[in-house]
Number of protein chains: 2
Amino acid sequence: MSDPQPAPARRRPRADALRNRQRLLAEADAVFREEGTGASLEGVARRAGVAIGTLYGHFPTRAALIAALLEERNQALFAYGAELAEGPDPAAALAEWVRAVVRHAAAYQGLADQLSAGNDELNESCAEMTALGDRFTERARAAGVLRGDTTGADLFTLMNAAAWSREHDTPEQADRLLDLALAGMLTTTPPPAAG
Amino acid sequence: MSDPQPAPARRRPRADALRNRQRLLAEADAVFREEGTGASLEGVARRAGVAIGTLYGHFPTRAALIAALLEERNQALFAYGAELAEGPDPAAALAEWVRAVVRHAAAYQGLADQLSAGNDELNESCAEMTALGDRFTERARAAGVLRGDTTGADLFTLMNAAAWSREHDTPEQADRLLDLALAGMLTTTPPPAAG
DNA sequence: CGCTAAACTGAGGCGTCCTCGACTTCTGCT
DNA sequence: AGCAGAAGTCGAGGACGCCTCAGTTTAGCG
């Protein structure tokens with residue numbers, strides 16, 4: 001079962017390829033922020049000064065492109081999550097984690113759809129997200145501030161729904177939804193965002 | 001400001017037009033159930049045995065087609081809502097109303113997106129929906145079972161989010177989200193669906 | 001039966017997705 | 001410096017969907 005390591009003597013990745021990849025990521029980020037994740041990929045390629053085939057060479061699917069974009073962002077997010085998970089107040093930590101993820105997911109319109117569409121490329125992030133969610137729910141349950149059987153999956157559903165809502169209604173409406181669900185989830189209601 | 005009624009001596013609508021309209025609605029219903037509201041309209045026209053131009057003649061936009069489809073369904077739904085609104089238990093009525101609408105909205109994948117996309121054609125149903133929601137929240141507040149400032153708009157947001165969730169996660173997950181939010185909304189928690 | 005408005009038709013312009021064979025350029029090696 | 005070839009790039013092109021509109025058909029009415 002061990003790899004006989006064919007030792008393909010990997011060449012260093014080409015400089016122009018790296019440049020194009022970076023350029024594509026930058027433009028995709030901009031375009032997705034402006035028009036949502038459904039934006040034209042040909043437009044992205046055009047803006048990046050690159051042929052459409054080059055885009056597909058780097059990112060075979062739209063989901064792959066989004067996943068690459070998310071990767072760096074997620075680094076910071078997960079770090080923040082891990083930090084939060086250490087905090088003293090499990091209920092507040094859980095609430096803040098959910099809110100942070102929702103803020104994060106609202107970066108591109110349509111991201112929520114992508115995330116819950118079950119694209120293989122995005123599953124990695126999702127799995128990690130749910131796992132981290134489980135940590136929060138377990139701590140909260142241990143502290144006795146969590147309603148019965150809430151799980152990380154419930155958190156994930158809530159986060160997606162709230163992110164989606166943020167894209168369609170106003171952010172305020174989405175926040176009210178979030179408050180409602182968190183109030184139903186936690187026995188000690190967290191301090192609502194609005195004073 | 002009164003209409004000088006040009007009295008255009010209206011002709012009876014043509015029989016073939018009515019037939020085609022019915023056929024288009026029937027096929028659109030089927031296709032949207034199978035593939036969601038994003039399905040190809042050319043496909044709908046094909047299945048209805050009609051040219052694409054005919055479809056556009058009857059329904060100038062996708063939203064118009066969806067609105068027409070929803071109209072009859074909404075009749076029944078609003079009737080049910082009015083009935084519920086008379087019931088003895090405001091909290092239970094509100095919860096059941098929300099659940100009923102979510103069930104209804106889950107008929108076509110992507111319907112939630114359409115509803116909250118602010119299409120003029122669909123605003124009519126939405127307005128009526130929110131108005132009815134206000135009746136439920138007001139009754140519940142009067143009975144003292146509603147958290148502070150919840151409005152019909154909050155209900156609408158919740159319903160859309162839950163419907164969207166139902167389309168993407170499992171129905172069970174969406175129901176859990178709904179339970180959570182309702183628990184946060186109502187001070188007397190409604191009996192959860194699951195024992 | 002003929003007139004006419006209403007309705008139907010479907011080709012066509014445009015945009016997007018994605019592929020693939022031909023072409024270019026960079027890297028590693030001598 | 002020069003070369004071989006792997007790696008990367010290009011962009012035309014087929015497939016499909018949206019929507020329009022000029023030409024044609026057809027049902028209702030007198």
Side-chain angles (χ1 to χ4, degrees), chain A residues 6-28 30-32 34-68 108-110 113-114 117 119-121, chain B residues 6-28 30-32 34-68 108-110 113-114 117 119-121:
Chain A
R10 307 309 228 113
R11 224 173 232 219
R12 175 179 8 143
R14 277 169 57 163
D16 57 342
L18 255 39
R19 234 185 354 256
N20 283 337
R21 188 189 157 85
Q22 277 320 110
R23 193 78 204 281
L24 280 166
L25 284 171
E27 294 301 329
V31 171
F32 286 171
E34 289 165 20
E35 305 172 35
T37 55
S40 160
L41 296 187
E42 301 206 321
V44 171
R46 238 182 340 262
R47 276 179 60 157
V50 137
I52 181 63
T54 300
L55 186 151
Y56 279 97
H58 285 281
F59 310 104
T61 65
R62 183 181 297 270
L65 177 52
I66 295 172
Y108 314 134
Q109 185 137 11
D113 293 85
Q114 293 288 337
N119 294 108
D120 283 354
E121 283 95 343
Chain B
R10 307 310 229 113
R11 224 176 232 219
R12 179 183 358 148
R14 278 171 57 162
D16 57 343
L18 255 41
R19 231 185 357 254
N20 283 337
R21 188 186 155 85
Q22 277 319 111
R23 193 76 204 281
L24 280 167
L25 284 171
E27 293 302 328
V31 172
F32 286 171
E34 290 165 20
E35 303 171 38
T37 56
S40 160
L41 296 186
E42 301 206 320
V44 171
R46 233 177 351 256
R47 275 179 61 157
V50 138
I52 181 62
T54 300
L55 186 152
Y56 278 97
H58 285 283
F59 310 105
T61 67
R62 183 181 297 271
L65 177 53
I66 296 172
Y108 313 133
Q109 185 138 9
D113 293 84
Q114 293 288 337
N119 294 109
D120 283 356
E121 284 95 343

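Below, read A as the first sequence line, B as the second, and so on, with proteins coming before strands; counting in each chain starts at 1. The analysis underlying the following values was restricted to heavy atoms, covering all of them including side chains, and did not include hydrogens, waters or symmetry mates.
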Taking all non-hydrogen atoms of both residues, which atom of [X] and which atom of [Y] are closest, and how far apart?
{"X": "B:Leu25", "Y": "B:Ala68", "value": "CD2-CB, 3.9 Å"}
{"X": "A:Leu24", "Y": "A:Ala48", "value": "CD2-CB, 3.7 Å"}
{"X": "B:Leu18", "Y": "B:Pro13", "value": "CD1-CB, 4.0 Å"}
{"X": "B:Ala64", "Y": "B:Glu121", "value": "CA-CG, 3.8 Å"}

Check A:Arg21, A:Glu27, A:Arg19 against A:Arg23 for a side-chain contact (heavy atoms from CB on, under 4.5 Å) and give me the one that passes. A:Glu27

For the pair made of [atom1] in [X] and [atom2] in [N], what is the distance, rounded to whole Å?
{"X": "A:Arg12", "N": "D:dG5", "atom1": "CZ", "atom2": "C1'", "result": "17 Å"}
{"X": "A:Asp16", "N": "D:dA7", "atom1": "CG", "atom2": "C1'", "result": "8 Å"}
{"X": "A:Leu55", "N": "D:dG11", "atom1": "CG", "atom2": "C1'", "result": "14 Å"}
{"X": "B:Arg19", "N": "D:dT25", "atom1": "CZ", "atom2": "C1'", "result": "14 Å"}

Short side-chain N/O contact from A:Thr54 to OP1 or OP2 of D:dC10, under 4.0 Å: yes

First and last nucleotide of DNA chain C, 5' to 3', lying under 4.0 Å from heavy atoms of chain A: C:dT16 to C:dG28

Give each protein N/O atom lying under 3.5 Å from an N/O atom of nucleotides 18-22 of chain D, with the pair distance.
unit_1	atom_1	unit_2	atom_2	d
D:dC18	OP1	B:Arg62	NH2	2.4
D:dC18	OP2	B:Leu41	N	3.1
D:dC18	OP2	B:Glu42	N	3.4
D:dC19	OP2	B:Tyr56	OH	2.8
D:dC19	N4	B:Glu42	OE2	3.0

Answer with base, sugar-phosphate or nothing: what part of the nucleic acid does A:Arg14 contact at a heavy-atom distance below 4.0 Å? base

Audit row: B:Leu41, B:Phe59, side chain to side chain contact (heavy atoms under 4.5 Å, CB included) steps and yes/no: CA-CA 10 Å; B:Leu41 296 186; B:Phe59 310 105; over 6 Å; no

Heavy-atom donor-acceptor pair, B:Arg62 side chain to B:Ala39 backbone, under 3.5 Å: yes

Close side-chain approach of B:Asn20 and B:Leu55, heavy atoms under 4.5 Å: no

